[in-house]
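Counting convention: from 1, in listed order, for ligands and their atoms alike. These numbers come from a predicted model, not from an experiment.
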Amino acid sequence: MVSRVIPVEPFDLVIFGGTGDLARRKILPSLFRRFCDGQMPDQARIIGAARSDLTVSQYRDLIGQALQDALDKCDCSDENLAAFLACLNYIPIDAKGTNGWDDLAAIMRPDVVQAYYFSVGPSLFGDIAKRLKKHKIAGKDARIVVEKPFGHDLPSARDLNATLAKHFEEHCIYRIDHYLGKETVQNLMALRFGNMLFEPLWNAQYVDHVQITVAEDIGVDGRGAYYDNSGAMRDMVQNHLMQLLCLTAMEPPSKFDPDAVRDEKLKVIRALEAPHPSDIVRGQYLASEDKTSYLEDCENPDSKTESFIALRLHIANWRWNGTPFYLRTGKRLKSRMSEIVIQFKEPPHSIFESAPGQGGGQGANELSIRLQPDEGMDLKVTIKEPGMGGMRLIDVPLDMTFAEALGEQATDAPDAYERLIMDVIRGNQTLFMRGDEVEAAWAWTDPIIDTWKAADERPYTYETGSTGPEEALILMHQDGRRWRDLKV
Ligand code: BG6
């Protein structure tokens, strides 16, 4: 296959937490795939940094094992793997002490792009940022990359922002929300702002409601302690679903430029009304025949944390006045499926008489944008049912599954981390969250969580493999609407 990628500039990328789970499972496999695709220039270097006292060769062995999986899933050769591992270096470092920092300073090249990935807990962000400057390691334009969770609430997010700001300017800070790196999420912007067709209809006058679903079939197994302290609201809504909401609802930015896009997203968050408690349904999954319950997974029989949440939200601005946005996300649901659905209104007047049994056309168009699986879009339109027998209407999908329409080009699309890491090297912050955006999202989230704490109520329960608690269905039924199926 002819590579379509343009190599990025030479870089030194340091991964703090270089032996950790995220580095082995996501960051390094992503870099490896970019390497195999020819996007990493010959002079690129990756430096693992962690507490363990490993030699460079031991580190390469460790990462080599981790990459076997990635190797199985692509058409990279063993030679590719050997060449990639040769780009790896390793420095044992003490994030809170003095050990290793001078060694790191000695190998960093001042004349290439420098990026520092903080793949460590947020409690170490400040220590690492400080030492990168104190030991004169990070140059003026060096970039730092931080992962979610970015804070636990507004005060902690503010503290983190302030700590990082002491050492790095905002244009150097890349806060990752991996949902922004997903192919379809960017396609949402292309769809809205690269076509004439949708934008004139993209408002309360024509849109009945919007549904955003991020459903997972996995539980919280293995992450119970973290999750029980977060819940679906902090783990998914405050960041991933909020980002999807923003991109769906925002005004067209004047250009596709980091601050222009982020300014528009911020306006959406600020216009979000506080939901009433009756606009929210929280749930916890029950055990099934072969799977444990949420309470067992988090090892806390008294837990009141939600593994599912559904919300009815209103955006208080001209464009969306009167159009509700329904959001839902949860673990151990029927299937893994994420999508955004724009449900348009019915035509104001039907000229067709449709007697019972004479056609099932609803007349309301529906645009669905699938993030996963089977990335793509489909638009439901009403047409005449072919054949004799008068004017019978039916709804048909105009399906655009990317893999079908674009073939290899779609199935080879880089995963979110590949794209985001390359954007860091290119110095493009469009798909990263700005500090004020994160704070605004927490400012909206915190009072909702405080209300739950004060009420001290247990979430509803739901069956493993279901679509969530009954009450979430009722939330929609009350408004004469219904959730889209979670297709298996
Ligand atoms: C993470 C959450 O940010 O996103 C996880 O912490 C969740 O709980 C994951 O499972 C979902 O990501 P994806 O890309 O698999 O939809």
Side-chain angles (χ1 to χ4, degrees), residues 17 20-23 25-27 29-30 33 69-70 73 117-122 145-153 157 174-188 212-247 282-285 291 294 297-298 303 305-309 327-340 369-376 413-421 431-433 437-438 441-442 445 449 459 464 468 486-487:
D21 185 58
L22 183 71
R25 231 171 13 86
K26 285 282 181 197
I27 306 172
S30 298
R33 282 191 292 268
D69 245 13
K73 287 187 199 128
Y117 204 124
F118 292 13
S119 177
V120 293
V145 186
V146 294
E147 275 286 338
K148 86 174 249 280
F150 197 86
H152 189 71
D153 51 15
Y174 290 70
R175 295 175 193 79
I176 285 207
D177 182 316
H178 77 279
Y179 265 61
L180 288 178
K182 290 188 190 268
E183 185 74 12
T184 326
V185 173
Q186 290 160 77
N187 237 317
L188 173 60
I212 302 179
T213 297
V214 178
E216 297 185 276
D217 50 5
I218 53 165
V220 300
D221 357 321
R223 297 168 75 219
Y226 151 78
Y227 194 91
D228 203 39
N229 207 12
S230 299
M233 187 68 164
R234 286 191 172 100
D235 186 51
M236 298 294 287
V237 177
Q238 186 270 347
N239 36 75
H240 305 326
L241 277 89
M242 181 73 86
Q243 291 298 323
L244 300 182
L245 171 79
C246 286
L247 295 175
R282 302 162 70 226
Q284 275 181 352
Y285 59 79
K291 299 212 170 73
Y294 176 76
D297 285 348
C298 71
S303 171
T305 303
E306 73 288 348
S307 60
F308 172 97
I309 186 167
L327 273 53
R328 68 178 160 164
T329 182
K331 304 258 182 218
R332 280 283 178 75
L333 296 175
K334 192 168 153 190
S335 59
R336 176 172 189 255
M337 194 203 77
S338 303
E339 68 174 9
I340 302 169
I369 301 153
R370 282 189 310 277
L371 275 69
Q372 57 203 23
D374 308 327
E375 301 193 322
D415 99 346
Y417 273 88
E418 294 176 52
R419 172 173 294 115
L420 294 175
I421 297 171
L431 300 176
F432 296 83
M433 294 178 298
E437 231 185 299
V438 179
W442 280 122
T445 312
I449 296 178
T464 281
L486 289 183
K487 293 187 197 85

R234 with D153: basic N within carboxylate O range, under 4.0 Å: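 Here R234 does not pair with D153 in a salt bridge, since their nearest N and O are not under 4.0 Å apart.
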Looking at E339 and R370, is there a salt bridge between them, counting it only when a charged N and a carboxylate O are closer than 4.0 Å?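 No, this pair does not count.
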For the residue pair Y179 and H240, does the interplanar ring angle fall in the parallel (under 30°), tilted (30 to 60°) or perpendicular (over 60°) class? parallel
Less than 3.5 Å apart, any donor N or O on the side chain of Y117 or E147 sitting next to an acceptor on the other?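 There is such a pair (donor and acceptor under 3.5 Å, judged by atom type) between the side chains of Y117 and E147.
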If the condition is ring pair (Phe, Tyr, Trp, His ring centres under 6.0 Å), which residues does Y174 pass it with, not counting sequence neighbours?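 For Y174 the ring pair (Phe, Tyr, Trp, His ring centres under 6.0 Å) partners, ignoring immediate neighbours, are F432.
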Please list, by chain and number, the protein residues whose heavy atoms come under 4.0 Å of ligand 1.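 Only K148, H178, Y179, K182, E216, R223, D235, M236, H240, K331, R336, Q372 have heavy atoms that fall under 4.0 Å of ligand 1, ordered by chain and number.
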Nearest heavy atoms of L327 and L245, plus distance in Å: CD1-CD1, 4.4 Å
